[in-house]
Amino acid sequence: MNPVGNATDSKPRLVLTGITKRYPSVVANDDISLSVRPGEIHAVLGENGAGKSTLMKIIYGITKPDAGTILWNGQYETITTPSQARRLGIGMVFQHFSLFETLTVWENIALALDERVSSAKLAAQITEVSEKYGLPIDPYRLVHSMSVGERQRVEIVRCLLQEPKLLIMDEPTSVLTPQAVLVLFETLRRLASEGCSILYISHKLDEIRALCDSATVLRGGRVSGTAIPKNETNESLARLMIGGELAVCSLMPRQPEEVRLELDHLSLPTADPFGTTLKEISLTVRSGEILGIAGVSGNGQKELMAALSGERLSTGPMIKLLGQPVGDLNPAKRRELGLTFVPEERLGRGAVPPMSLAYNALLTGSRKGMVQNGMIYPTVMRSFAKKVIERFKVKCGDEQSAASSLSGGNLQKYIVGRETMLEPKMMIVGQPTWGVDVGAAQLIRQALIDLRDQGVALLVISEELDELFIISDRLMVLAEGRLSPSVRPAETSIGQIGTWMSGKFNEPAGRGAAGADPLQEVA
Amino acid sequence: MNPIVPMIASTVVAATPLIYAALGETIVEKAGVLNLGIEGMMLIGAVAGFAATLATGSDTVGFMAAAGAGVALSLAFGFLTLNLQTNQVATGLALTLFGIGLSAFVGHNLAGTPLPPLPPIFIPGLSSIPIVGDLLFRYDIMVYLSLVLFAAVEWFLIKSHAGLTLRAIGESPSVAHAIGKSVLTTRYLAVMFGGACAGIAGAYLSLVQTPMWVEGMSAGKGWIALALVVFGTWKPARVVLGAYLFGGVTQFQLFAQGFGLPIPTEFLSMLPYAATVVVLVIICRDPKTILLNQPASLGISFHAAA
């Protein structure tokens, strides 16, 4: 099974030497070197903004490096376009999928192929390759009707059709259930055993230790170390990645108090034809409690957020905030009652990209004295923004910087900070640490826990199971628009929640407690 | 004489310029570019085609000159919106205003000169079948070519690889760029095709429908063509159907006025536009059709990041 044994002696497939890429404000890659052998699964580990994605884009010919050389199968190559990279045998599966939603699977794949193939022949090829690697897909389906996991299969099959010698996977598991991660790992191991090299980009330490033969760790655009992941611990890898100790947050037991949010059989047809209909959702969140909602995006997460925030109105007493029916109140009115929320999309929903951080504070914080009698009080506004920046260690120019100029993690810290400092009674958070680096994620999680300890009720919707197991008092799973029963993290397992995530709620929650954590099994 | 046959025949003639302009714009919009300058390109095409035919006596030269003039104008639009990333709506409106003004200026001395109309094609045998012959086989060459164009556009969009690339670029230029497609080239070609079609549509007005040059003779047909593209939810077959429907209502109201029906003429003149609005509203009631067919990047500038 382990491909390294027979591949150690062969000459490297890819050698990068001194790769450097400078952007006007930041050096994304600074003198990066790494080497991958045939059949090797090589992890590129690093926080957000460490330069992983830039490096991969350089290999795939999307971005041009300022300096450095690429040695491919012993020959120097200057890769200037993705199609040239594909001709050399380099395939890439993107983190944000590069699929066209209104086209079918085979059309999407045909677009990326350099030669012309008839649709029937291509469809047969797709079916053959997808079955060979355990990734069944129907070539004639429209992409918009597919789940995120299925879309990823399309991306992978698209790469496999070109028989790549090197496959780049950019954060591939962020959209998968734990069970689907296992299937993916099987596929990748099989590919590697056939001699394909894999560059596996991730910040998930467990996965890297379970899957990868070797690792190059990036920090701040530079190589901060190399490692054999199997011989390392999460802590030692994290040290290489963030250059310090990983803070640990923990949840002290606490007795929840009065009910702050109650959903009573909330059913809501979707407005978006590609969306999910919410079916009979019932839950309560109490003061001093964090309720975690697990599940893969696209199962009603967006719709539930919209129904809770007031972007989408509902009728009757299905949604009660502090005992008051709020289904027909708009977001501003719900905020007046003490609700704050951090939406999943930071730019465009959580913040207005071209506006300054200070003005973005004003958008939700106008009640904090920033607007009086219809006039903006800039000093109040700025000092509020400054406080958020300081308390949440937001890396930015100052409060006048545009929201779009911040990295994803820093903007998320700012938005969470802003919503926290509005002193909510009830806070709803969508994907709090999506695309956020480890250090920032810890800070955000701790901030949520602090709020809970102060008696705020929190509802956190997240795809990161590990995170929900750390911060939740209770867990529920949203799958296909329905909500599972609630369970305490200590009384369940990742395996059990994973089963629920595929919509099978009938299996008891307690059963898996002693049993399997799928990732541990693999390791 | 039965008024139905001449009414249908004139419907076809009324619809043909709309078909050219709207099919061209369908391709442009499928690539994600919104060119509101059809009206202007039609007028330029009309005056260029008229002048060329007047000078050479050849209708073929006229239509080619018209297509060329449309392409020239569309290239200006392409340079502004695709290279310089100007706002497509504003640029398209400016193009229309520019086309109206320029065509009036160029055509100043041509106004009022009549030309012989393009002769219909008589196919021995077929054309002399009663009624059917009159209905199907007595049009000028451009009517038949418009149907050929429809078939070509339909084939291009659905069957050809280049058409697939074009649709993909309209859906998401950034993804298309990431997999190595040239957004700029494809969009330029689409815009030029739209320009050529609009030019031909304009020349059809000045060489066939009313064989003379009159200032502003397109009289809003460019805008109707734009509406037809939406009305047809970016599907060529529906666009053509819409053009015939609009042409039909237009002719019906003319005949109705001629027959002196007891309906105010103002109301009758309004009919084609009201019908367009009603059909548009009905079409837009199904958000899914729109979502699946509307190019997602329509009207949005694309700048490839280095």
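Proteins come first, then strands; the chains are lettered A, B, ... in the order of their sequence lines, and each starts at number 1. This one's a predicted model, so the numbers in the text were calculated from it and none came from an experiment.
For A:Arg141, the CZ atom sits in a packed shell: over 12 heavy atoms of surrounding residues, nucleotides or ligands are nearer than 6.0 Å. Within a 6.0 Å radius of CZ in B:Phe98, other residues, nucleotides and ligands contribute 12 heavy atoms or fewer. More than 12 heavy atoms of other shown residues, nucleotides or ligands fall within 6.0 angstrom of atom NZ in B:Lys221.
Inspection of non-hydrogen atoms places B:His161, B:Leu164, B:Thr165, B:Arg167, B:Ala168 of residues 161-170 of chain B under 4.5 Å from chain A.
Here OG1 of A:Thr102 is found 11.0 Å from CD of B:Gln294. Values are rounded to the nearest 0.5 Å. Taken to the nearest 0.5 Å, the OG1 atom of A:Thr81 stands 11.5 Å off from the NZ atom of B:Lys181.
Contact of A:Glu101 with chain B is made through backbone and side chain together, with heavy-atom distances under 4.5 Å. Contacts of B:Ala176 with chain A are made by both backbone and side-chain atoms, with heavy-atom separations under 4.5 Å.
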Tell me which donor-acceptor pairs under 3.5 Å the side chains of residues 224-242 of chain B have, and how far apart each pair is, sequence neighbours excluded?
unit_1   : atom_1 : unit_2   : atom_2 : d
B:Thr233 : OG1    : B:Arg238 : NH1    : 3.2
B:Trp234 : NE1    : B:Glu29  : OE1    : 2.8

